[in-house]
Participant: 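Just passing along the structure, written as structure tokens.
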Amino acid sequence: MLSCSLLTHSFPVSLLHNPRTLSIYSTILESSPLSSWFRRCEGTTVHSCAPIVVAALSCFVDRSEEFCCGCCTEGVSLHAENHHSRPTTMGMRDFKRAVSREMNDSINNVDPAFKLVPKNATAFLIWRVENLAIVPVPKDQYGTFFEGDSYIIYAASAPGQFVGPGIKSVDVAGPLETHIHFWLGEATSQDESAVAAYKTVELDDYLAGSPVQHREVQGSESPRFKSYFANGIRLLKGGVSSGLYHVTATFEPRLFRVKGRRTPLVRQMPAIDWAHFNHGDVFIIDTSDVIFVWIGSHANSMEKLLATKVAVQLRDEHHAVSIVFVDDGAETQLPDSERLLLGVYLDLSAAARSRVARAVAAGDDCGSERFARAALRLYRCSDEDGTYKVVEIKSGPLYHSDLNSNDSFIIDNGALGIWVWVGRKASPKERVEAMRNATGFVKKKQYPNHTPVSRVVEHAEPTEFKALFLNWQDKDTPAKPLFNRTNSVNNNKPKPVATKLDAASLHATPSLAAETQLVDDGSGQLQVWRVHQSQLVATPPSQHGVFYGGDCYLVHYTYSAVSRQSHVLYYWLGLHSSVTEQTALALHTVAEDEKLAGVATQVRVVQGKEPPHFLAIFKGRMITLLGDHSDTFPAKYLLQVQGNRMHNARAVQVPFRMSSLNSNDVFVMVNGSSCYIWCGKGSTGDEREMAKSVALKISGPEFVVVYEGQEKEDFWSTIGNKEPYANDKRLAEPSNPVPARLFHCSNASGSFKVEEVLNFHQIDLVPEDVMLLDAWNSIFIWVGYKSNKEERTGAIQLAFDYLRTDPNGRDEKTPIIQLKQGHEPPNFTGFFGSWDSELWKSDKTFEEVRQELEGQKPVLQVELKMTNGVHDFDECKKYPIQDLLPKDPEKLPDGVDPLHKELHLSHPDFVTAFGMKYEDFAQLPKWRQENLKKAAGLF
């Protein structure tokens with residue numbers, strides 16, 4: 001046992017006082033066996049004591065048996081068997097060289113590989129860790145990753161813009177939105193992952209610490225990471241350490257599994273063997289000349305289409321002759337030539353095919369792509385006394401004001417991800433070590449190792465981070481209410497919209513419709529029904545716009561635009577209506593939609609949360625009264641009027657007493673034949689005009705306008721005893737500037753799960769899906785015409801679940817708008833930029849695409865001549881069989897192909913190992929060759 005106080009070493013302790021260089025040492029230590037000791041010593045972290053770090057490095061480099069900081073009696077073995085992942089291959093010389101190189105680069109310069117990164121222009125670049133160095137990945141291999149490697153991905157764009165492979169570098173005058181991802185393959189070494197981590201920090205330093213950092217783990221990539229690769233992500237076996245990391249002229253047939261709904265995830269399987277198939281997925285056998293697409297009997301239509309897309313890509317890459325579709329269970333029914341060729345790679349006997357796994361055993365597609373949402377928790381991070389501490393501050397909902405520029409914070413979103421926010425006044429040490437501390441937090445909380453981890457710095461937060469907060473105010477952007485939020489502070493009034501809001505203008509400018517949430521100016525045709533004893537009773541036109549809180553109503557609105565009639569069905573739920581009435585209203589809404597051939601937009605409206613267009617229908621004169629329906633107005637009542645435009649104004653009945661008044665608003669008071677309009681000091685002229693419009697509807701022109709502070713005795717005698725009332729200025733409601741977000745939602749597995757679609761466009765609305773668009777003040781449910789019945793009938797419930805599980809505490813009364821594919825109103829299409837109403841008319845089903853490809857394929861002529869696609873047997877250098885048995889490619893003789901070791905046997909040794917001559921072996925189907933190689937220990 002060595003005590004740190006007794007150790008001396010040549011490492012420069014002074015350098016460890018620099019947070020950047022200390023982080024390099026600490027990161028390397030975290031990838032060594034010593035990391036387990038640091039996790040066991042309570043109150044101790046890698047960076048908390050420079051002498052401990054030096055002592056630990058000394059032991060690690062010198063391969064000392066045990067190390068202790070002196071604060072405990074437990075040592076930690078440095079032997080590789082204590083690792084939980086692949087053992088480190090870094091020897092003492094390599095370790096010293098790596099540390100020396102990193103120290104010099106950190107102090108004097110940046111890695112040469114990063115010098116190509118433009119600091120004021122868009123860019124998309126990928127590097128791979130090779131032999132502890134950073135090497136650029138050829139651009140034609142972007143999107144292809146080896147499971148045994150680690151990568152760094154840099155993405156820079158104008159804020160909110162798309163970036164990905166093929167993007168042209170363009171100078172940007174303003175600030176860039178930059179992201180750095182380090183991706184870790186499931187078989188990468190600790191050395192490689194450590195290099196990727198601290199090289200990410202180095203690139204971050206080079207870019208002044210502004211990028212968002214993301215830790216990506218194979219199989220759990222973030223939506224943002226997946227959004228870069230529109231053509232999919234291809235995961236190949238091998239890596240740098242195995243020698244299998246380059247695309248070479250020597251082709252080896254491969255089996256791929258295709259998963260995903262929008263971005264295909266194409267993963268190479270260990271071998272072409274039925275043991276790696278399952279009935280729930282689609283698989284591709286790439287033989288270079290022919291691409292086989294095997295379709296599991298329970299595969300979904302989206303995966304079939306994606307697999308076909310991938311097969312076409314592979315065909316074009318290899319200039320393959322044909323694409324052959326193979327249905328699960330119909331392998332032997334293929335044409336003779338195709339069956340013969342497939343039999344080269346797979347044993348087509350019934351006994352062999354019985355090894356295909358059941359669909360349920362293959363895993364849930366929804367579960368593989370989405371995470372259950374959890375309640376947010378906020379932690380404050382501190383190292384003021386030299387010990388890193390994480391203290392829980394609160395649970396959600398979270399507000400922007402919860403963050404402090406002097407500190408760093410961890411936002412814990414459970415399995416959905418861990419975010420570290422670093423304030424602009426936080427120490428450089430906190431900025432540099434944020435990612436490592438967050439990773440330690442994941443371990444401490446015993447979250448899965450693949451939990452996404454991201455670091456953001458103040459004023460450079462991405463959209464998905466801002467969306468975790470109930471309100472967010474960007475720097476130098478004054479708080480202002482949204483168009484349909486009422487605010488009575490004079491200097492924060494919503495500005496009137498100068499553009500015309502008729503149907504033609506809004507449909508011609510859908511972005512305006514999306515901003516205002518209007519589909520027209522409310523001048524269309526109107527029918528209103530009230531639910532009475534579970535039946536619909538028509539409401540006379542004179543009562544249109546008058547609602548009672550104890551009732552439910554159905555409002556059918558019809559308007560004309562783009563040469564066709566459109567329909568909106570609003571079903572309004574009073575806060576005190578019964579469950580029976582609400583259920584009856586839902587059924588009547590569906591029935592009314594069926595009468596309209598299912599083309600109506602259905603909008604669920606809860607009292608007090610009416611959307612702008614609903615209010616615009618009633619010209620700002622909507623009145624909500626207490627209690628159940630009555631054919632006449634009460635003898636006396638008091639209405640609080642809020643809003644300054646016809647699309648945000650409403651009048652709500654409040655108790656008839658002085659304490660109900662509020663200096664920020666306007667009130668209409670009716671007592672028999674007397675009608676007063678009381679104007680609070682904080683009200684505006686526009687709000688007073690809306691109140692006059694309400695009074696005109698109630699009592700005609702006979703009303704008296706009263707200003708606060710100028711009331712006469714008859715007013716006070718009417719409203720009753722004098723009481724205190726609210727007279728403080730109401731603060732402006734801050735808007736949430738987070739743009740609309742698109743999600744695919746599912747509760748098929750029993751728990752509600754969501755998958756966000758970043759950089760969304762109309763093409764992301766897939767006919768087989770039900771999609772959710774969160775516009776903050778409204779939730780849109782888009783129903784594809786090919787979606788299944790369960791998803792269609794449960795669409796509204798999906799929206800409820802989304803609001804209920806939103807970690808930032810959303811109001812469950814938020815309006816929910818359900819619409820059908822092909823009948824989208826402009827206040828929805830405006831969120832998608834360019835909208836093509838003809839897009840889906842040319843949409844092809846999988847069956848149509850398959851038929852088209854099968855019509856193009858030639859008749860295969862298969863020769864029974866097998867080849868390995870490698871050098872001739874006699875040309876390969878020969879070795880004794882014992883030299884070819886090691887599984888580790890690095891332990892094989894130079895020049896030996898690890899996939900074809902048998903070629904390096906002499907003729908006698910080959911016969912001894914395989915019981916046949918090589919010429920006979922070469923004529924066997926590939927699956928039989930591999931079985932024989934396994935038996936001989938050469939696979």
Side-chain angles (χ1 to χ4, degrees), residues 399 401 471 473 478-496 549 575 607-610 612 615 620-626 633-634 636-672 674-699 702-735 777 811 813:
Y399 299 87
S401 57
N471 69 330
Q473 193 60 49
K480 58 182 179 181
L482 296 180
F483 58 90
N484 63 339
R485 291 188 179 183
T486 304
N487 170 33
S488 301
V489 180
N490 291 336
N491 60 354
N492 283 299
K493 291 296 174 182
K495 295 181 179 179
L575 291 178
Q607 176 185 340
K609 292 292 182 178
E610 295 80 8
L615 298 173
R621 297 194 293 269
M622 177 189 170
I623 299 171
T624 305
L625 298 175
L626 299 172
F633 278 80
K636 65 177 185 179
Y637 55 94
L638 182 65
L639 299 175
Q640 182 176 19
V641 181
Q642 293 182 311
N644 56 7
R645 293 289 182 272
M646 72 172 191
H647 58 270
N648 68 8
R650 58 171 67 82
V652 180
Q653 184 180 1
V654 294
F656 195 90
R657 55 189 301 173
M658 185 175 172
S659 60
S660 296
L661 299 178
N662 189 311
S663 295
N664 296 284
D665 296 321
V666 185
F667 291 77
V668 175
M669 183 176 69
V670 177
N671 185 12
S674 301
C675 181
Y676 296 88
I677 297 178
W678 183 86
C679 307
K681 291 179 180 179
S683 64
T684 66
D686 289 336
E687 289 173 331
R688 293 192 286 270
E689 289 302 315
M690 298 311 300
K692 290 177 184 178
S693 178
V694 172
L696 281 170
K697 178 175 181 175
I698 295 171
S699 62
E702 303 298 326
F703 56 79
V704 178
V705 178
V706 179
Y707 292 91
E708 183 179 8
Q710 302 177 21
E711 302 89 348
K712 295 183 179 179
E713 190 58 36
D714 60 334
F715 176 84
W716 295 124
S717 62
T718 299
I719 199 170
N721 297 328
K722 288 190 176 183
E723 299 174 290
Y725 59 85
N727 53 17
D728 292 332
K729 283 190 176 182
R730 182 183 299 143
L731 297 177
E733 286 189 40
S735 63
N777 292 288
D811 192 336
K813 301 185 185 71

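Note: hydrogens, waters and symmetry copies are ignored here, and every other heavy atom, side chains too, is used. These figures come from a predicted structure and were not determined experimentally.
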Participant: Among all residues two or more places apart in sequence or in another chain, which pass the side-chain contact (heavy atoms from CB on, under 4.5 Å) test with Lys636?
Facilitator: Phe656, Asn671
Participant: Closer than 3.5 angstrom, by distance alone: can the side chain of Gln653 be matched with the main-chain N or O of Leu626 as a donor-acceptor pair?
Facilitator: yes
Participant: Verify whether one side chain among Glu687 and Asn644 offers a donor that lies under 3.5 Å from an acceptor in the other.
Facilitator: no
Participant: For a quick test of reading the model, state the closest non-hydrogen atom pair linking Lys681 to Glu708 and the distance between them.
Facilitator: N-OE1, 2.8 Å
Participant: Using the test salt bridge (charged side-chain N to carboxylate O under 4.0 Å, His left out), find all partners of Asp714 that sit at least two apart in sequence or belong to another chain.
Facilitator: none
Participant: Would you say Ile698 and Val670 make side-chain contact, with heavy atoms under 4.5 Å?
Facilitator: yes
Participant: Taking atom CG of Asp665 and atom OG1 of Thr684, what is their separation to the nearest 0.5 Å?
Facilitator: 10.0 Å
Participant: What residues form a ring pair (Phe, Tyr, Trp, His ring centres under 6.0 Å) with Tyr637, not counting sequence neighbours?
Facilitator: Phe633
Participant: Trp678 and Tyr725: aromatic ring centres closer than 6.0 Å?
Facilitator: yes
Participant: Any side-chain heavy atom of Lys813 sitting closer than 4.5 Å to one from Leu575?
Facilitator: yes
Participant: Before giving the answer on side chain to side chain contact (heavy atoms under 4.5 Å, CB included), spell out for Arg650 and Leu615 the whole-Å C-alpha distance, their side-chain angles and the decisive distance to 0.1 Å.
Facilitator: CA-CA 7 Å; Arg650 58 171 67 82; Leu615 298 173; 3.4 Å; yes
Participant: Let me see the working for Lys609 and Asp811 under side chain to side chain contact (heavy atoms under 4.5 Å, CB included), right down to the final yes or no.
Facilitator: CA-CA 10 Å; Lys609 292 292 182 178; Asp811 192 336; 2.8 Å; yes
Participant: Ser660: what forms a side-chain contact (heavy atoms from CB on, under 4.5 Å) with it, not counting sequence neighbours?
Facilitator: Leu638, Val654, Pro655, Arg657
Participant: Give the minimum heavy-atom separation between Val668 and Ala691, together with the two atoms involved.
Facilitator: CG2-O, 3.8 Å
Participant: Does Asn648 reach the main-chain N or O of Arg645 with its side chain, forming a donor-acceptor pair under 3.5 Å?
Facilitator: yes
Participant: Check side-chain contact (heavy atoms from CB on, under 4.5 Å) between Arg688 and all other residues, then give those that pass, not counting sequence neighbours.
Facilitator: Val666, Cys679, Ser683, Tyr707
Participant: Going through the distances and angles, do Asn727 and Asn664 end up as a side chain to side chain contact (heavy atoms under 4.5 Å, CB included)?
Facilitator: CA-CA 7 Å; Asn727 53 17; Asn664 296 284; over 6 Å; no
Participant: Would you check if Asn662 and Phe667 make a side-chain contact, meaning some heavy-atom pair closer than 4.5 Å?
Facilitator: yes
Participant: Testing the basics here: between Gln607 and Glu610, what is the closest heavy-atom pair and its distance to 0.1 Å?
Facilitator: CA-OE2, 3.6 Å
Participant: Please name all residues satisfying side-chain contact (heavy atoms from CB on, under 4.5 Å) with Val704, sequence neighbours left out, ordered by chain then number.
Facilitator: Tyr676, Val706
Participant: For residues Val652 and Ile623, determine if any side-chain heavy atom of one lies less than 4.5 Å from a side-chain heavy atom of the other.
Facilitator: no
Participant: Heavy atoms only: give me the nearest Val641-Met690 pair and the separation to one decimal.
Facilitator: CG1-C, 4.4 Å
Participant: Is any side-chain heavy atom of Leu661 less than 4.5 Å from a side-chain heavy atom of Ile719?
Facilitator: yes
Participant: Do Met658 and Asn721 come within less than 4.5 Å of each other through their side chains, counting heavy atoms only?
Facilitator: no
